[in-house]
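Some notes on the structure that comes next.
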Amino acid sequence: MRLTVLGCSGSVSGPDSPASGYLLTGPEMRPTVIDFGPGVFGALQKYQNPGDVDIFLTHLHADHCLDLPALLVWRRYHPNPPTGKALVRGPSDAPLRIGNASAEIGGETDDWSDVIDSQAWVENTPLPFGPGHTVEARRMYHPPESYGLRITANDGRVFVYTGDTAMCDAVVELAQGADVLMAEASWTHDPANRPPGIHLSGTEAGEIATRAGAKELLLTHIPPWTSREDVIAEAKAAFAGPVHAVSPGESFDL
C-alpha cells in the first residue's frame, strides 16, 4: 500500500496544508481516505476521482471530517455520478453528525444513506478491506468517540495511525511492533503550552514509538501555532529510529 498525505495541519487547516486527510492506495484495493478534514476534498482531486473512494474516520472533530458534505454533493450531483455507495466507517454517531452539517435547514438532518454505506467501528476487531488487508480500531484518549487505527497489509507489514489522543496505554498497545507509526504531535512538551488530556507532544510521540518497538515514526497533526522543528527535535530525543514530519503531497510505501 501507499500512503499519500492530502492534509496534515493540526486542529485547523493551515496556510500550506489542509487539515487531516490521508489517501491509501494499492493493487486491487478501493482507494481509501483516512479522515476528511477541511481542504481534503480539493486535495483529493489531484490524485483520485472522489466518487471512487471509501472513508475511514477516526473521530468527528471538525478538522477530521467536515469536508464530507462536499463528497455528498459530488456523489449526488456530478453529471457522471458514481455507481453504488461509498463506505464510511467511523464513530457510531457519524450519520447524525455529518447529516447535521449537510442539512438544508437548521435543526434537520440530511439522510446520507442514498449515497453512503455507514458502518460503525467494532473496537479491537480486525476488519477486512482490499486484497487481504485488515484494519483494527481502538478507542483513544480524546474527548469525543475517537479511534486509532492499526492496518495490517497482506504481506504482514503494519501501519498504525494514532488519530487524535493524549498519552494512554491504549495507544502504546495499538502501535506494538508497527513498521510505520504515524503519530499526532500537536504540542511541545512544556505543560505550560498545552491543556492536559487532549493531544500528544513530540516527546510523547517519540516515547510511544520507543515503548511500542516501532521501526519508523511519522509526525503529523502539527498546528500552525506549534513549531515543527521543536516537535521533531523532541521526538528524535525520545526515539532512536527514523523520524519525519509529514507534508502535503508526500507519499510513503507502507
Side-chain angles (χ1 to χ4, degrees), residues 1-8 10 20-37 40 43-44 47-48 53-59 64 87-90 121-140 142 146-165 168 170-185 200 202 204-222 235 239-254:
M1 283 185 289
R2 170 163 286 192
L3 178 78
T4 300
V5 180
L6 304 175
C8 54
S20 295
Y22 311 91
L23 175 64
L24 276 179
T25 55
E28 301 179 25
M29 67 171 281
R30 185 170 167 86
T32 300
V33 180
I34 303 175
D35 286 338
F36 219 82
V40 167
L44 175 62
Y47 305 97
Q48 188 68 50
V53 302
D54 290 335
I55 314 293
F56 292 162
L57 295 176
T58 61
H59 67 293
H64 290 256
L87 170 66
V88 174
R89 193 180 291 281
W121 289 116
V122 181
E123 190 177 8
N124 301 330
T125 301
L127 301 170
F129 78 103
H133 311 316
T134 62
V135 56
E136 179 182 347
R138 183 170 297 200
R139 286 289 295 266
M140 295 290 104
H142 196 60
S146 301
Y147 297 91
L149 303 181
R150 182 182 179 92
I151 292 173
T152 303
N154 55 17
D155 63 358
R157 285 178 58 82
V158 174
F159 166 64
V160 171
Y161 170 42
T162 65
D164 283 8
T165 186
C168 58
V171 71
V172 178
E173 293 165 3
L174 182 80
Q176 284 296 315
D179 293 282
V180 179
L181 169 62
M182 186 168 70
E184 71 116 306
L200 299 173
E204 289 169 327
E207 289 173 348
I208 291 166
T210 297
R211 290 172 60 189
K215 295 180 175 65
E216 179 180 359
L217 175 61
L218 302 179
L219 302 173
T220 192
H221 201 273
I222 302 174
F239 176 60
V243 175
H244 176 74
V246 305
S247 297
E250 288 188 308
S251 292
F252 304 89
D253 290 324
L254 304 177

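This structure is a prediction, so every number in the text was calculated from the model and none was measured. Every heavy atom of this structure was used, including side-chain atoms; hydrogens, water molecules and symmetry mates were not.
Evaluation of the ring-ring contact (aromatic ring centres under 6.0 Å, His included) rule for Phe239 yields no partner, not counting sequence neighbours. With sequence neighbours excluded, no residue forms a side-chain hydrogen bond (donor to acceptor under 3.5 Å, both in side chains) with Thr165. In this view, Arg89 and Phe56, Leu87, Gln119, Trp121, Leu127 satisfy the side-chain contact (heavy atoms from CB on, under 4.5 Å) rule, not counting sequence neighbours. In this view, Thr25 satisfies the side-chain hydrogen bond (donor to acceptor under 3.5 Å, both in side chains) rule with no residue, not counting sequence neighbours. Remark: His64 pairs with His59, His221 by the ring-ring contact (aromatic ring centres under 6.0 Å, His included) rule, at least two apart or across chains. For Asp155, the salt bridge (charged side-chain N to carboxylate O under 4.0 Å, His left out) criterion is met by no residue, not counting sequence neighbours. Thr220 pairs by the side-chain hydrogen bond (donor to acceptor under 3.5 Å, both in side chains) definition with Tyr22, not counting sequence neighbours.
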**Item:** Audit row: Val40, Asp35, side chain to side chain contact (heavy atoms under 4.5 Å, CB included) steps and yes/no
**Value:** CA-CA 9 Å; Val40 167; Asp35 286 338; over 6 Å; no
**Prompt:** Stepwise, does the side chain to side chain contact (heavy atoms under 4.5 Å, CB included) test hold for Val180 with Phe252?
**Reply:** CA-CA 9 Å; Val180 179; Phe252 304 89; over 6 Å; no
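The distance from the OG1 atom of Thr58 to the CE atom of Met140 is 10.5 Å, given to the nearest 0.5 Å. With values rounded to the nearest 0.5 angstrom, Arg157 atom CZ is found 7.0 Å from Leu254 atom CG. To the nearest 0.5 angstrom, Tyr47 atom OH is 6.0 Å from Thr4 atom OG1. Summarising the geometry, atom CD1 belonging to Ile208 is positioned 9.5 Å from atom CG belonging to Leu174; distances are rounded to the nearest 0.5 Å. Atom OG1 of Thr134 and atom CD1 of Ile151 lie 8.5 Å apart (nearest 0.5 Å). Interatomic distance, Asp164 CG to Glu184 CD, rounded to the nearest 0.5 Å: 5.0 Å.
In this structure, Ser247 and Cys8 approach most closely via the heavy-atom pair CA-SG, 3.9 Å. The two residues Val243 and Ala235 have their closest heavy-atom pair at CG1-CB, 4.0 Å. Arg150 and Val158 make their closest contact through CZ-CG1, 3.6 Å (heavy atoms, listed as atom of the first residue, atom of the second, distance). Nearest heavy-atom pair across Met29 and Leu24 is CE-O, 3.8 Å. Across all non-hydrogen atoms, the minimal contact from Leu181 to Ala175 is CD1-CB, 3.9 Å. Shortest non-hydrogen contact noted between Pro27 and Pro131 is O-CG, 3.4 Å.
Sorted by first and then second residue, the salt bridge (Lys or Arg N to Asp or Glu O under 4.0 Å) pairs with a member in residues 243-254 read Arg2-Asp253; sequence neighbours excluded. Here salt bridge (Lys or Arg N to Asp or Glu O under 4.0 Å) pairs that include residues 126-136, with residues two or more places apart or in two chains, are Glu136-Arg138.
Cation-pi check for Arg139 over Tyr147 is met; the charged atom lies under 6.0 angstrom from the ring centroid and within 45 degrees of its normal.
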Side-chain donor-acceptor pairs of residues 210-219 under 3.5 Å, sequence neighbours excluded:
unit_1 : atom_1 : unit_2 : atom_2 : d
Thr210 : OG1    : Gly206 : O      : 3.1
Thr210 : OG1    : Ala238 : O      : 2.6

